[in-house]
Amino acid sequence: MNDNSRKKNKLSITSSVLIGLAAILIGASIFFPWWKMVFYAPQYPEGLNIIVYPNKLAGEIDIINGLNHYIGMSNFGEENFPELAYLVYLIAGLAVLALVTAILRNKKVLYGLISVIALGGLAGILDLHFALQKYGSNLDPKAPIKIDPFVPPIIGENTVANFITHSLLGTGIYFVIAAFILLFIPLWKDRKIK
């Protein structure tokens, strides 16, 4: 690689700082919820939550499992989501990769980082969709209340019996989205100054 090629692929210090900030946001996202579902019904006007962190589930899961029993839905539980055992390490790995990219200040490495995050995000969306499909489609035919199979949305509203559910992104995933946007700024900025 000659000097012109190296200069062409070298990112500015400002870009390096932006990529470093993206690394911090990705790492910090581990400590915040990434997704949640809120169940509203006349008897639960305040809503019942299933809150998904990268490494655990939180919320009123026992109550929701008790109610889902009536429609024959499997119990929600951390044991049914093996991703929770290793997702934190993947996220931490991405944060480290972003930090290395900030240090190297190489445009080709940044393209690689963006590709890895985009593919990881797509895999995460598909994984969540298939999990929701499994829960909503495999209803016990012996359940006391019969309803048609359904697939809860990843984002949006759904009605099942007298429950209205809202699926929402959590703070952690907004951090990752902000980091992803930050990673594109150096590509635009350093292209403009050539």
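The model shown is predicted, which means the values in this text are computed figures rather than measured ones. Values below: every heavy atom of this structure, side chains too, minus hydrogens, waters and symmetry copies.
Side-chain contact between Tyr111 and Asn9 is absent, with no heavy atoms from C-beta onward closer than 4.5 Å. Looking at heavy atoms from C-beta onward, Ile173 lies out of side-chain contact with Ser29 at the 4.5 angstrom threshold. Using a 4.5 Å heavy-atom cutoff, the side chains of Tyr44 and Ile63 are in contact. Looking only at side-chain heavy atoms (C-beta outward), Met37 and Asn49 stay at 4.5 Å or farther from each other. With a 4.5 Å cut-off on side-chain heavy atoms, Asn158 and Pro153 count as touching. Put simply, the side chain of Leu187 does not reach to within 4.5 Å of the side chain of Lys189, judged on heavy atoms. Looking at heavy atoms from C-beta onward, Arg105 lies out of side-chain contact with Leu110 at the 4.5 angstrom threshold. Using a 4.5 Å heavy-atom cutoff, the side chains of Ile155 and Leu168 are not in contact.
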Before you tell me yes or no, could you show the steps for Phe32 and Phe175 under ring-ring contact (aromatic ring centres under 6.0 Å, His included), namely the whole-Å CA-CA distance, both residues' side-chain angles and the distance that decides it to 0.1 Å? CA-CA 9 Å; Phe32 294 89; Phe175 279 13; 5.1 Å; yes

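At a threshold of 4.5 Å between side-chain heavy atoms, the hydrophobic network of Ile, Leu, Val, Met, Phe, Trp and Tyr places Phe184 and Leu104 in two separate groups. Hydrophobic clustering of Ile, Leu, Val, Met, Phe, Trp and Tyr side chains at less than 4.5 Å, counting indirect connections, keeps Val109 apart from Ile185. Taken together through direct or relayed side-chain contacts under 4.5 Å among Ile, Leu, Val, Met, Phe, Trp and Tyr, Val96 and Leu87 form parts of separate hydrophobic clusters. No path of Ile, Leu, Val, Met, Phe, Trp and Tyr side chains, each step under 4.5 Å between heavy atoms, connects Leu99 with Ile181, placing them in separate hydrophobic clusters. Ile114 and Ile103 fall into different hydrophobic clusters, where Ile, Leu, Val, Met, Phe, Trp and Tyr are joined by side-chain heavy atoms under 4.5 Å apart, directly or via other members.
Relative ring orientation between Phe76 and Phe81 is described as parallel, the plane-to-plane angle staying below 30° on a 0-90° scale split at 30° and 60°.
Note that CD of Glu60 is 12.0 Å distant from CG of Asn65, once rounded to the nearest 0.5 Å. Distance check: Leu57 CG to Glu78 CD gives 5.0 Å after rounding to the nearest 0.5 Å. For the atom pair Ile71 CD1 and Ile147 CD1, the distance stands at 4.0 Å (nearest 0.5 Å). Rounding to the nearest 0.5 angstrom, the gap separating the CD1 atom in Ile30 from the CG atom in Asn55 is 8.0 Å. Here CZ of Phe39 is found 8.0 Å from OG of Ser167. Values are rounded to the nearest 0.5 Å. Remark: Leu169 CG to Lys36 NZ distance equals 11.0 Å, nearest 0.5 Å.
If you run side-chain contact (heavy atoms from CB on, under 4.5 Å) between Leu48 and each of Ile64, Thr165, Ile61, Asp62, only Ile64 comes through.
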Without placing hydrogens or testing angles, list every side-chain donor-acceptor pair under 3.5 Å for residues 13-28, not counting sequence neighbours.
residue, atom, partner, partner atom, Å
Ser15, OG, Ser12, OG, 3.1
Ser15, OG, Asp190, OD1, 3.3
Ser15, OG, Asp190, OD2, 3.1
Ser16, OG, Ala102, O, 2.6

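A donor-acceptor contact shorter than 3.5 Å is absent between the side chain of Trp35 and the backbone of Gly172. Under the 3.5 Å distance criterion, the side-chain polar atoms of Thr159 are left unmatched by any main-chain donor or acceptor of Ile164. A donor-acceptor pair is defined here as one N or O able to donate and one able to accept, closer than 3.5 Å; no such pair exists between the side chain of Lys10 and the backbone of Asn106. Side-chain atoms of Lys146 come within 3.5 Å of backbone N or O of Ala143 as a donor-acceptor pair.
Shown here for Gly47 and Val38, the closest heavy-atom pair between the two residues is CA-CG1, 4.1 Å. Heavy atoms only, all atoms of each residue included: Gly66 and His69 are closest at O-CB, 3.3 Å.
Surrounding CG of Asn162 are more than 12 heavy atoms belonging to other residues, nucleotides or ligands, all under 6.0 Å away.
Using a 4.5 Å cut-off between side-chain heavy atoms of Ile, Leu, Val, Met, Phe, Trp and Tyr, Leu119 forms no hydrophobic cluster with any other residue.
Both the sub-6.0 Å distance and the 45° axial angle are satisfied by Lys56 relative to the ring of Tyr53.
Applying the side chain to side chain donor-acceptor pair (under 3.5 Å) test to Tyr135 and every residue at least two apart in sequence or in another chain returns Asn80.
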